[in-house]
Amino acid sequence: MSNTKIVFNLTGLHCASCVLNVEKRLKRMKGISSASVNLALNNAVVEYDPAVANFAKMKGSIESIGFGATVSPDAMERIQRAEYTKLKSRFIAGALLSAAIMILSFWGHLQAVNIAMFVLTLPVIIYSGSGFFKGAVSAFKPPANIADMNTLVAVGAGSAFVYSTLAAFFPGLFTGSGKMAMAYFDTSAVIITLVLLGRLLEAGSRKKALESIRGLANLQAKKAVIIKNGREQKIDAGLLSKGNILAVRPGERFAADGIVVSGESSVDESMISGEALPVEKNPGDKVIGGTVNLNGFLKVKVTNAGSGTVLAGIIRLVENAAGSKAPIQNLVDRIANVFVPVVFGLALITFISWYFTAGAGTAALNFMAVLLIACPCALGLATPIGIIVGVGAAAKKGVLIKNAESLERCRNIEAVVFDKTATLTEGRLSVTGVNVFGSLSEKELIRIAASLERKSEHPLAEGITREAKRLSIRTLEVKNFRALPGFGIKGIIGKEEYTAGKYEFVKGRDNAAKAKRLAEKHQKQGKLAVFIADRRKVLGLIALSDTVKADSKRVIEELVKLRIKPVLLTGDNKSTAKAVAKELGIKDYRAEILPADKLLAVKALQRKYKVVAMVGDGINDAPALTKADVGIGLSTGTGIAIESADVVLINGDLSKVLELIKLSKRTMRIINQNLFWAFFYNVIGVPIAAGVLIPLYGFSLNPMLASAFMAASSVSVVLNSLRIRKNN
């Protein structure tokens, strides 16, 4: 029997070790040939032999190591909401209790106060920190045997709590050895509370992962009107089949791909091409499901429906790109995998050694000193605190970063792929040239054109009327206005009939050949030309183009200085792409490409460059944004592009791309410093806590001093992380 593929959701994933834990558990099950767990989407893709394995067995195996699994998207949403609410409640409880414990710690030399702190810390351990301790136990269940972040937190908080409990209730254990009984309940509580805060922030951003796919699905028409036996009939779009005849009115979405059999109209295909300019449709032309019919009634013969449409293909591309697994480099988990077991071993060796040479009291104190100084609070905070400060600093600069992984990757960006329309350009047509024939002035020509276009909703019309407004030109009254789809418009101003539109609308009139030659020059520069004529002659033409944003050229120049390769990908025509690329200094550009081509282009670049970023704003950019190592969306773009992106630039400010790269480099440099110093404290402190200096100098590191070193390492991590806020 052939293998079957199943995709199901997971709960309880927190780090790379969690992913490895679940993958190992699945891969060692009989009948499973491959298993890939995606941390960002909280899902698993498993290929298995249905004769041997099934989802129920997989779920049971996963649950045995502390994680959850479900195949229901609705159930997953409910679980995630419940988990987020529970996490929030645990954090709030931990924060309130930790504040009270820290206040009481000033009187920690009093046994009654220590007992009070024990009472307050107990619910932090049992309620707020329960997930860490359960996770730490599950992490060591075969076949994983991996120390993860849960282990780090559990060891740190647990060792401080156990020691503090002994100091609170049995102070004689320490005073008899000449040591003061000190409790460190505040350390135990604060460790748990701070890590909960990090997880709470992470959970808030992670749930966005699947919204882009849902948003794409919402673009699909739910209902369709078909013509059957000469009568219109409304049906569910899912029931459409090849050969059906659709009736599509202005403002409606096409429920399937098809060919126009009758009618003329303009269609907004920006969701596919990314270009704002509507496409004229006449009998024989193709239309794409999900695009919008603007101004005419069309009859369309269905060629592809359901999963066979172009939009359905885009949705699959986004799903596949989102579900594809990228290597997650988590330095803390790699260190923890070795560090925590080693510390346990050293603590045990310390206890045994001193037990036989100096007695149980000294052995216990040194044992606890090793665990306290090795408390991985600083190690656990090094990355999340740095990320929190980095993400906060980015937000102040107008850059919204959705996950820490993207922030880390941005420091290694070697190529940036740009969409053209509304990314590098303004995304709207503006007048960039006026050519007049005869005695008319440029303003008079614009007045005639704007008077006609005032009644049109075409993007070209919007550009001309906006130019008239900018020049304070008052428009004239137009009578007998008519729009001819695919050609242009006409109307009477005063006693003369004027036309505005394509060359085919005015050819044969005086000056037409001259105007055509000028239009061809404009076209080579990526511009569109509108011909203005009266009954006898062409009066002139108005050139329009999507102008480059003011900061685009500077951004490209800065990227080149940073040795980062800029690439332009657009669905627009070659002449327009060439003109924009030349103006901006981009050598690598590709035109007339569809969403699938953009995704393939990103894949090709990923084989050549270490990290590839994609900057876009349209629905057509969603697959490429998701596949790129770092997807950068503009807040001025579509919701789908924003949800598909890892990073969102507020107000569509491209200069923030440079801010993002610089901030990423600074953040990761400081995080690496944090990790180095957090580890360095332990390398120096653990041997001292174990008592290596006692034979030489009679010096031992008591638990209070060990805890002070641990606290100092944590404070240094936080203070160092705050430097990220400074300007580069």
Side-chain angles (χ1 to χ4, degrees), residues 1-87 130-131 134-146 148-150 199 202-203 206-217 238 306-307 312-313 315-328 626:
M1 184 179 291
S2 60
N3 281 352
T4 299
K5 179 184 287 187
I6 184 174
V7 180
F8 56 86
N9 297 114
L10 297 165
T11 59
L13 296 180
H14 297 296
C15 61
S17 294
C18 297
V19 170
L20 190 57
N21 201 343
V22 175
E23 282 187 352
K24 278 190 175 183
R25 174 67 64 164
L26 289 170
K27 288 177 179 177
R28 294 196 181 186
M29 289 181 63
K30 291 182 179 180
I32 292 181
S33 56
S34 69
S36 176
V37 176
N38 187 294
L39 181 65
L41 294 179
N42 284 336
N43 69 11
V45 180
V46 180
E47 287 192 16
Y48 68 100
D49 182 352
V52 181
N54 56 49
F55 174 68
K57 290 181 180 179
M58 297 177 207
K59 182 179 180 182
S61 182
I62 291 169
E63 289 177 345
S64 71
I65 54 173
F67 301 95
T70 177
V71 291
S72 169
D74 293 335
M76 182 61 178
E77 283 192 38
R78 289 195 300 271
I79 292 170
Q80 286 181 330
R81 284 196 299 268
E83 283 189 341
Y84 186 81
T85 301
K86 187 185 296 183
L87 187 62
S130 60
K134 290 178 182 176
V137 173
S138 298
F140 284 103
K141 289 183 179 180
N145 298 322
I146 297 172
D148 58 11
M149 285 298 294
N150 288 318
R199 288 196 175 177
E202 181 185 356
R206 238 190 225 182
K207 61 184 180 180
K208 298 281 187 182
L210 294 175
E211 288 184 8
S212 61
I213 298 173
R214 296 192 188 103
L216 283 171
S307 62
I315 293 172
R316 284 194 299 274
L317 288 173
V318 173
E319 289 175 334
N320 292 336
S324 61
K325 185 178 178 181
I328 300 171
T626 309

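- Each of K57, K30, M29 was compared with V52 under the side-chain contact (heavy atoms from CB on, under 4.5 Å) criterion, and only K30 meets it.
- Nearest heavy atom pair, residue I62 against residue R25, reads N-CG, 4.5 Å.
- For S33, the side chain to side chain contact (heavy atoms under 4.5 Å, CB included) partners two or more places apart in sequence, or in a different chain, are N3, E47.
- The shortest heavy-atom contact between Y48 and N54 is CE1-CA, 4.2 Å.
- Note that CG of D49 and CD1 of I32 are 10.5 Å apart. Values are rounded to the nearest 0.5 Å.
- Judged by distance alone, with hydrogens and angles left aside, the side-chain atoms of S64 form a donor-acceptor pair with the main-chain N or O of S61 at under 3.5 Å.
- By the 4.5 Å heavy-atom criterion applied to side chains, M58 and F8 are counted as neighbours.
- Looking at L10 and F67, their side chains never come closer than 4.5 Å, going by heavy atoms from C-beta outward.
- Residues that satisfy the side chain to side chain contact (heavy atoms under 4.5 Å, CB included) test with K86, not counting sequence neighbours, are R90.
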